[in-house]
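What you see below is based on every heavy atom in this structure, not just the backbone, and it leaves out hydrogens, waters and symmetry mates.
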2 protein chains.
Amino acid sequence: MDISDARNRIVATADELYNAKGIQAVGMDELRTAAGVSLKKLYQEFPSKGSIVMAVLERRHQSWTEGLDATVRRAPTPREQLLAIFDYLGQWFCQSTFRGCGFINSFAELGAISPEVAEYARKHKESFQEYVASLAAGAGAPGYLAPQLAILAEGAQTTAAIAGTPNAATQARQAAEVLIDAALNTK
Amino acid sequence: MDISDARNRIVATADELYNAKGIQAVGMDELRTAAGVSLKKLYQEFPSKGSIVMAVLERRHQSWTEGLDATVRRAPTPREQLLAIFDYLGQWFCQSTFRGCGFINSFAELGAISPEVAEYARKHKESFQEYVASLAAGAGAPGYLAPQLAILAEGAQTTAAIAGTPNAATQARQAAEVLIDAALNTK
DNA sequence: CATCGTATAGAACGATCGTTCTCGGTGCAA
DNA sequence: TTGCACCGAGAACGATCGTTCTATACGATG
């Protein structure tokens with residue numbers, strides 16, 4: 001087993017467990033067992049639980065960004081690229097492991113007591129907003145459209161998570177269509 | 001001191017502390033000290049921390065519902081009543097104690113390990129959606145408008161919380177205006 | 001084979017959690 | 001004054017947390 005192989009497995013396992021049960025509900029021993037590494041190796045790879053949490057957030061950010069971009073890139077027109085954001089959300093919501101946005105959740109759980117976590121969540125959302133803004137700019141939309149679509153996407157995530165149904169994705173997508181067309185026509 | 005007076009102070013203090021630091025980060029001893037009651041009285045009023053959490057959620061639900069309705073009722077027309085939702089959010093976001101929706105936060109923190117909390121958060125969001133639906137119906141809007149506005153409201157809450165700015169309220173309000181007018185015109 | 005460095009499983013540690021118990025004081029009734 | 005029922009402060013308890021330490025097994029090297 002490679003050394004970074006163990007590292008990856010630890011982070012991947014932590015990601016799953018933290019998502020399924022919440023960060024604070026998963027102890028190091030449970031993570032150790034699930035990842036199949038010794039406690040010593042765990043602390044050899046990471047100095048503390050907090051650093052594992054940050055590594056999980058980085059992993060989530062990368063996974064989310066790549067997955068979103070892959071879906072968006074399949075859309076033929078700038079307008080459909082903006083709508084593809086909500087298709088990506090729809091796929092995500094349908095996964096059985098979906099339990100809400102990991103950044104919203106970690107912010108809610110640890111944001112008040114961990115400046116690192118709060119800051120990383122802020123950065124992640126900021127990067128999403130910039131991504132939406134770049135797509136909106138590509139569609140020739142006015143600047144106010146992107147924040148509106150980002151808010152729709154955020155709302156769809158929490159609504160889907162708490163309601164337990166993926167309906168919010170299509171509802172948000174239809175709303176996005178109205179907002180996009182209105183923004184493009186009044187331009 | 002009345003017996004229910006102590007109860008109210010416990011719940012009010014727990015509400016503040018849980019909101020400020022997160023539920024799991026506030027121990028019974030800290031709550032006891034802040035509320036100024038003995039540990040014995042605390043457990044005399046509530047059988048467990050979980051029951052305090054549920055009492056806090058009930059308090060939040062009542063406070064939110066009443067505050068929202070008071071703002072909405074001041075609006076003269078059905079259309080402006082729908083928009084008043086976002087004015088209410090704007091006021092809320094500007095409070096220094098604002099740290100996101102307490103139900104989203106409690107769901108993120110405890111939803112996976114406490115069916116009670118998850119269920120109550122679901123019920124709260126459901127009641128909000130029904131409230132929006134009743135306002136939308138009063139404005140003569142088609143049925144699909146209310147979920148769209150509710151998603152906007154949810155998104156504004158998480159965006160404002162994580163970004164740390166109240167901007168999302170006005171952005172969501174402007175988006176709501178577009179959606180409302182589009183829905184009313186195509187009817 | 002003997003030896004040594006390393007990795008492992010799991011015990012142990014201090015801290016903190018939610019919860020309960022004990023002790024000492026206080027007000028009231030007789 | 002004496003007895004008694006309550007009350008608050010905080011010690012105590014068992015569990016669990018994150019983290020570290022120890023004892024044991026193993027594998028490579030001479």
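- The separation between A:Glu45 atom CD and D:dT20 atom P is 15 Å, rounded to whole Å.
- Looking only at distances, no side-chain donor or acceptor of B:Asp69 sits under 3.5 Å from a matching main-chain atom of B:Thr65.
- In this structure, CD of A:Gln44 is placed 16 Å from P of D:dT19, rounded to the nearest angstrom.
- Taking every heavy atom of residues 112-121 of chain B and every atom of DNA chain D, no pair lies under 4.0 Å.
- For D:dG18, the OP1/OP2 oxygens have a side-chain nitrogen or oxygen of A:Lys49 closer than 4.0 Å.
- Judged by distance alone, the side chain of B:Gln24 and the main-chain N or O of A:Glu109 form no donor-acceptor pair under 3.5 Å.
- Between B:Lys123 and B:Glu119 there is a salt bridge, since a side-chain N of the basic residue sits under 4.0 Å from a carboxylate O of the acidic one.
- Contacts between residues 16-35 of chain A and DNA chain D, defined by a heavy-atom separation below 4.0 Å, involve A:Val26, A:Gly27, A:Met28, listed by number.
- Ranked by how close their nearest DNA chain D nucleotide is to the 5' end, B:Lys40 and A:Gly50 are led by B:Lys40.
- A donor-acceptor pair under 3.5 Å is formed between the side chain of B:Arg32 and the backbone N or O of B:Val37.
- Side-chain N or O atoms of B:Asp87 include none that pairs as donor or acceptor with a backbone N or O of B:Thr71 at under 3.5 Å.
- The interatomic distance linking A:Leu39 (CG) with C:dA9 (P) rounds to 10 Å, in whole Å.
- For residues 47-62 of chain B, the pairs satisfying side-chain hydrogen bond (donor to acceptor under 3.5 Å, both in side chains) are B:Asp15-B:Arg59, B:Asp15-B:Arg60, B:His61-B:His124, B:Gln62-B:Glu66, with sequence neighbours left out.
- A straight line from OH of B:Tyr43 to P of D:dG10 spans 17 Å, rounded to a whole angstrom.
- Inspection of the B:Asn105 and B:Tyr18 side chains reveals no N or O donor paired with an N or O acceptor under 3.5 Å.
- Checked against a 6.0 Å centroid threshold, the rings of A:Phe103 and A:Trp64 do not count as neighbours.
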